[in-house]
Protein chains: 2
Amino acid sequence: MSIDTYSYDEVKELSRLFKLLAEPNRLNILCNLGMECRPVSDIVAATGLSQTNVSFHLRTLREAGLVRPERQGAFVYYCLPDVKLLSLLEQTKEWIRLRHKT
Amino acid sequence: MSIDTYSYDEVKELSRLFKLLAEPNRLNILCNLGMECRPVSDIVAATGLSQTNVSFHLRTLREAGLVRPERQGAFVYYCLPDVKLLSLLEQTKEWIRLRHKT
DNA sequence: CACACATATGAGCATTGACACATATAGTTA
DNA sequence: TAACTATATGTGTCAATGCTCATATGTGTG
């Protein structure tokens with residue numbers, strides 16, 4: 001297998017993504033979203049976080065393009081625009097699981 | 001495709017890993033290592049970081065088990081004990097590349 | 001042993017980021 | 001329009017962390 005060399009720009013971009021995923025509550029929001037679109041109030045209920053905090057994290061995720069808001073009446077539904085991200089998370093989780101088995 | 005639900009413990013562990021990868025210089029060290037074992041001085045030269053800083057980050061990575069030290073005389077060689085991590089990084093990089101193409 | 005080189009570590013500083021509080025905006029309904 | 005609900009945002013605080021300086025430890029060599 002040949003592994004690419006990484007330019008520092010690529011590394012920085014990678015790290016930017018990882019930073020977004022590095023905050024447990026923010027990551028939890030992403031994972032809880034899964035493939036469905038949910039209003040903020042649902043996420044608040046599912047995570048047990050304060051509304052302020054959920055909105056705070058959603059803003060970060062939104063600005064990064066990791067979630068997409070869709071207004072429906074008084075509610076704003078958030079969705080993952082790209083399911084592949086979930087697949088990456090899945091693989092990473094699997095990797096961690098195997099590591100622990102040592 | 002069915003997506004697992006994530007327990008909060010899993011999420012926290014995932015985020016712990018991402019946090020390690022979220023620091024650009026630390027990630028750069030990992031990427032520069034690739035599949036080879038290299039002494040600290042090499043990493044210092046390759047990254048342009050100070051020796052202190054490289055050692056600082058290597059310690060974090062070492063304590064997390066992401067790199068393994070091997071003393072050879074006066075030098076300490078660092079290696080990735082698990083190549084699959086590189087593959088995950090590779091896939092993530094690819095995902096980012098495709099995203100940008102929109 | 002003395003000295004030089006390779007690496008590690010502790011202390012202090014500066015920045016960042018998560019969170020809460022209060023408040024603002026947007027939509028709905030009476 | 002007024003009152004209510006859903007969501008967003010600005011400000012301040014506190015803790016975490018990256019970085020550097022100075023120094024310690026470890027290893028080979030004269």
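We name chains A, B, ... by the order of the sequence lines, and we start the count at 1 in each one.
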Validation row: [X], [Y] side chains within 4.5 angstrom (heavy atoms):
X        : Y        : result
Glu10(A) : Glu13(A) : no
Leu80(A) : Val67(A) : yes
Phe18(A) : Thr92(B) : yes

Contact class for Tyr78(A) vs. all strands (heavy atom < 4.0 Å): base, sugar-phosphate, or nothing?
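Sugar-phosphate: the residue Tyr78(A), judged by heavy atoms under 4.0 Å, touches backbone atoms but no base.
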From [atom1] of [X] over to [atom2] of [N], roughly how many Å is that when rounded to an integer?
X        : N       : atom1 : atom2 : value
Leu21(B) : dG18(D) : CG    : P     : 12 Å
Arg71(A) : dT28(C) : CZ    : P     : 8 Å
Leu20(B) : dA16(D) : CG    : C1'   : 14 Å
Ile43(B) : dT7(C)  : CD1   : C1'   : 11 Å
Glu63(B) : dA8(C)  : CD    : C1'   : 11 Å
Glu23(A) : dT16(C) : CD    : P     : 17 Å
Phe18(B) : dA16(D) : CZ    : P     : 22 Å
Leu61(B) : dA8(C)  : CG    : C1'   : 15 Å

Quick one: is [N] close enough that its OP1 or OP2 comes under 4.0 Å of any side-chain N or O from [X]?
X        : N       : value
Asn25(A) : dA18(C) : no
Lys19(B) : dA16(D) : no
Arg26(B) : dG18(D) : yes

Could you go step by step and tell me if Leu58(B) and Ile43(B) meet the side chain to side chain contact (heavy atoms under 4.5 Å, CB included) rule?
CA-CA 10 Å; Leu58(B) 282 175; Ile43(B) 303 174; 4.2 Å; yes
Contacting residues from residues 46-59 of chain A, given that a heavy atom lies under 4.0 angstrom of DNA chain D:
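Listed by number, they are Gln51(A), Thr52(A), Ser55(A), Arg59(A).
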Shortest non-hydrogen contact between Ala64(B) and Leu20(B), atoms and distance
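For Ala64(B) and Leu20(B), the tightest heavy-atom pair comes out as CB-CD1, 3.3 Å.
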Where do Ser55(A) and Val40(A) come nearest, in terms of heavy atoms and distance?
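Where Ser55(A) meets Val40(A) most closely, the heavy atoms are OG-CG1, 4.3 Å.
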Which nucleotide sits closest to the side chain of Phe75(B): dA18(C), dA8(D), dT7(C)?
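Of all the options, the side chain of Phe75(B) is nearest to dT7(C).
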Please determine which of Asn28(A), Asn25(A), Asn32(A), Thr47(A) meets the side chain to side chain donor-acceptor pair (under 3.5 Å) test together with Tyr8(B).
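Result: among Asn28(A), Asn25(A), Asn32(A), Thr47(A), Asn25(A) is the only option passing the side chain to side chain donor-acceptor pair (under 3.5 Å) with Tyr8(B).
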